[in-house]
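All remarks here apply to the structure that follows.
Every chain is numbered from 1 and lettered A, B, ... according to where its sequence line falls, protein lines coming before strand lines. The model shown is predicted, which means the values in this text are computed figures rather than measured ones.
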There are 2 protein chains.
Amino acid sequence: MSALDTALHGLRTLIADGELKPGDRLPSEGELCETLGVSRGSLREGIRMLAALGVLETRHGSGSYVSELRAADLIGSLSLTVGLLPMAGVLELTELRRVLEPHAAALAAARIDAATIEELSGVLDEIEASDDFELHSRLDHAFHMTISEVAGNDALTSLIDVLRSRSRAYRIPDAGDAAELKLHSDAGHRAILRGLAAADPVAASAAASAHVAQTEYWVRRYTDTDMRAEGSSVPSTSP
Amino acid sequence: MSALDTALHGLRTLIADGELKPGDRLPSEGELCETLGVSRGSLREGIRMLAALGVLETRHGSGSYVSELRAADLIGSLSLTVGLLPMAGVLELTELRRVLEPHAAALAAARIDAATIEELSGVLDEIEASDDFELHSRLDHAFHMTISEVAGNDALTSLIDVLRSRSRAYRIPDAGDAAELKLHSDAGHRAILRGLAAADPVAASAAASAHVAQTEYWVRRYTDTDMRAEGSSVPSTSP
DNA sequence: TGAAACATAGTTGTCATACGAATTTGACGA
DNA sequence: TCGTCAAATTCGTATGACAACTATGTTTCA
């Protein structure tokens, strides 16, 4: 077993066995090196791997800590990588959205309150009045994330966030297409909101499903076309 | 910007910009150090982070390579960490299963062929005849994974695999409870298979939904009880 | 007494060097 | 043509050193 595996397994075992609980501070790197019998470099590589997966957090000068180990955070660690997926992979993810977003909408319809409906309506007003792609994209994201949050499952919200972050990064190059997309998108948003306002899970779910299906249509349409990513940096889970 | 961030961002940019494509070999560590202006230690920590997330693969003596960047693989990287989630998180994940598994069952019902139905029926025969927990668990997993694979979305399969891997790791301590669980579980499996054999997506979906709901019931029932994980090692995605 | 400034010890961040382990490559010879 | 072996290349690991940052306790001043 390699030194890195030893370090990784040792750290993981400490947490799995409950010797280290969420929020706990790990022993110093020096101590861990002696305990696990590996060099500091190998130990640090192991720590970094668990940090990348959202299990550990390191603070310079202070120490490494076990994260809260929330499902949403672990899922959120994917946000670093989905931005690297080729288009073929994006289609697979869109199909997941096609299941998850309607589910979230249905749950939200059963839980949403009047104040949140007002807030969402205001967001849609802004979206419809906006011509700026950047602003539109941000508000669109806020709209869907709010619905997801109302649904009440943080892991679901985080997963939807990760999946959406990819489709969001593309801009429709053709102006006419973009206008058409926005027209349908605005109508789709209103349909979802109507379902939520009516506390009708089926209507909200159906509207959300249609909305994602529309996105999927555009993704497919431009899959074999020259599209440019909006940038290499993928928005993180926590805004 | 710290040296690690420099390395991480540099590597990520190389892939995001298309200078490195899936399957490509990275420049040697020495070259990358010079290119990015960081020490070898920092560079390796960055490489390890991306490796943990399923973006890079390193082969001793040969080099580091960009992975195939399949959505399923990136999702599969979560399997290392879901095993560390506390019970509260498992419930969140079970709710996700409650959406995803019925979806997979519905898709499978529309695509499955006679040979696969036969195969699944054989698996259920084995399950029903088995008293061994370990064997039962493995066959149960094979049953559900086969359905998911028939559904035809690798990302969906991988996600279901990750989510299931956690619930799978627990053993019902009370013998009576375990027998009751198995009874209902067997019936649930048959119901799913009937839906698949009838090429009836609605029936298959409903049966899968009920099946997960049953799992959720047992998870909740034992959430505040003394349960022991079957082991610290979580089964990986690729057997 | 209280609080601000400081000094100190402890911890992570980074770098440089060296050598072992595995793979790859090319030359050599049958 | 093929197998064998040696050299070169590359990753794996260990060690030492110092910088950067944090936390803590102490001193000093108002």
Side-chain angles (χ1 to χ4, degrees), chain A residues 1-15 19-69 73 77 80 236, chain B residues 1-15 19-69 73 77 80 236:
Chain A
M1 186 186 256
S2 70
L4 174 57
D5 287 339
T6 303
L8 207 51
H9 184 267
L11 291 170
R12 198 179 176 291
T13 301
L14 283 175
I15 301 171
E19 297 182 40
L20 290 173
K21 297 177 182 176
D24 283 356
R25 182 177 162 283
L26 270 64
S28 71
E29 294 181 350
E31 283 183 61
L32 282 172
C33 290
E34 205 168 338
T35 303
L36 301 175
V38 299
S39 73
R40 197 173 157 219
S42 299
L43 173 70
R44 282 177 63 84
E45 289 183 13
I47 291 176
R48 280 280 128 73
M49 291 183 75
L50 291 178
L53 293 167
V55 174
L56 297 179
E57 293 166 9
T58 296
R59 301 176 211 163
H60 188 179
S62 175
S64 289
Y65 299 79
V66 180
S67 78
E68 288 305 318
L69 293 179
D73 294 337
S77 70
L80 269 173
S236 73
Chain B
M1 188 185 251
S2 69
L4 174 57
D5 288 339
T6 303
L8 206 52
H9 184 267
L11 290 170
R12 198 181 176 290
T13 301
L14 283 176
I15 301 172
E19 297 183 41
L20 290 173
K21 297 176 182 177
D24 282 356
R25 182 178 164 282
L26 270 64
S28 72
E29 294 182 350
E31 282 184 62
L32 282 172
C33 289
E34 205 169 337
T35 303
L36 302 175
V38 299
S39 73
R40 198 173 156 219
S42 299
L43 173 71
R44 283 177 60 84
E45 289 184 12
I47 290 176
R48 281 278 127 77
M49 291 184 73
L50 291 177
L53 293 167
V55 175
L56 298 179
E57 294 166 9
T58 296
R59 303 177 210 161
H60 188 177
S62 175
S64 289
Y65 299 79
V66 180
S67 78
E68 287 306 317
L69 294 177
D73 294 337
S77 71
L80 268 173
S236 74

Minimum-distance nucleotide (side-chain atoms of B:Ser28 versus D:dT13, D:dA23, D:dT10) |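 The answer is D:dT10.
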Nucleotide of D:dT22, D:dC11, D:dA14 approaching A:Ser39 most closely (side-chain heavy atoms) = D:dA14
To the nearest 0.5 Å, what is the distance between CD (A:Glu45) and CD1 (B:Ile47)?
->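 CD1 of B:Ile47 is found 8.5 Å from CD of A:Glu45.
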Could you state the interatomic distance from CG (B:Leu53) to CG (B:Asp73), rounded to the nearest 0.5 Å?
-> 12.5 Å
Please report, rounded to the nearest Å, how far the [atom2] atom of [N] is from the [atom1] atom of [X].
{"X": "A:Glu45", "N": "D:dC11", "atom1": "CD", "atom2": "C1'", "result": "10 Å"}
{"X": "B:Arg40", "N": "D:dG16", "atom1": "CZ", "atom2": "C1'", "result": "16 Å"}
{"X": "A:Asp5", "N": "D:dC11", "atom1": "CG", "atom2": "P", "result": "18 Å"}
{"X": "B:Leu43", "N": "D:dT13", "atom1": "CG", "atom2": "P", "result": "15 Å"}
{"X": "B:Ile47", "N": "D:dG12", "atom1": "CD1", "atom2": "P", "result": "8 Å"}
{"X": "B:Glu29", "N": "D:dT13", "atom1": "CD", "atom2": "C1'", "result": "12 Å"}

Nucleotides bounding contact with chain A, strand DNA chain C, heavy-atom threshold 4.0 Å = C:dG10 to C:dT14
Nearest-nucleotide wise, let me know which of A:Tyr65 and A:Gly37 is further upstream toward the 5' end of DNA chain D.
-> A:Gly37
If you find the nucleotide of DNA chain D closest to A:Ala3 and the one closest to A:His60, which residue's nucleotide is nearer the 5' end?
->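 Upstream on the strand: A:Ala3.
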Are [X] and [Y] close enough that some pair of their side-chain heavy atoms sits under 4.5 Å apart?
{"X": "B:Leu56", "Y": "B:Ile15", "result": "yes"}
{"X": "B:Leu11", "Y": "B:Leu32", "result": "yes"}
{"X": "B:Thr58", "Y": "B:Arg48", "result": "yes"}
{"X": "B:Met49", "Y": "B:Leu4", "result": "yes"}

Using a cut-off of strictly less than 4.0 Å, decide whether A:Ser2 has a side-chain nitrogen or oxygen near OP1 or OP2 of D:dT13.
->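 Result: yes.
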D:dG12 OP1/OP2 closer than 4.0 Å to side-chain N/O of B:Arg44 | yes
For the student: nearest non-hydrogen atoms of B:Ala52 and B:Ser77, plus distance =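 Heavy atoms of B:Ala52 and B:Ser77 come nearest at O-CB, 3.4 Å.
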Contact class for B:Gly41 (heavy atom, under 4.0 Å): base, sugar-phosphate, or nothing?
-> nothing
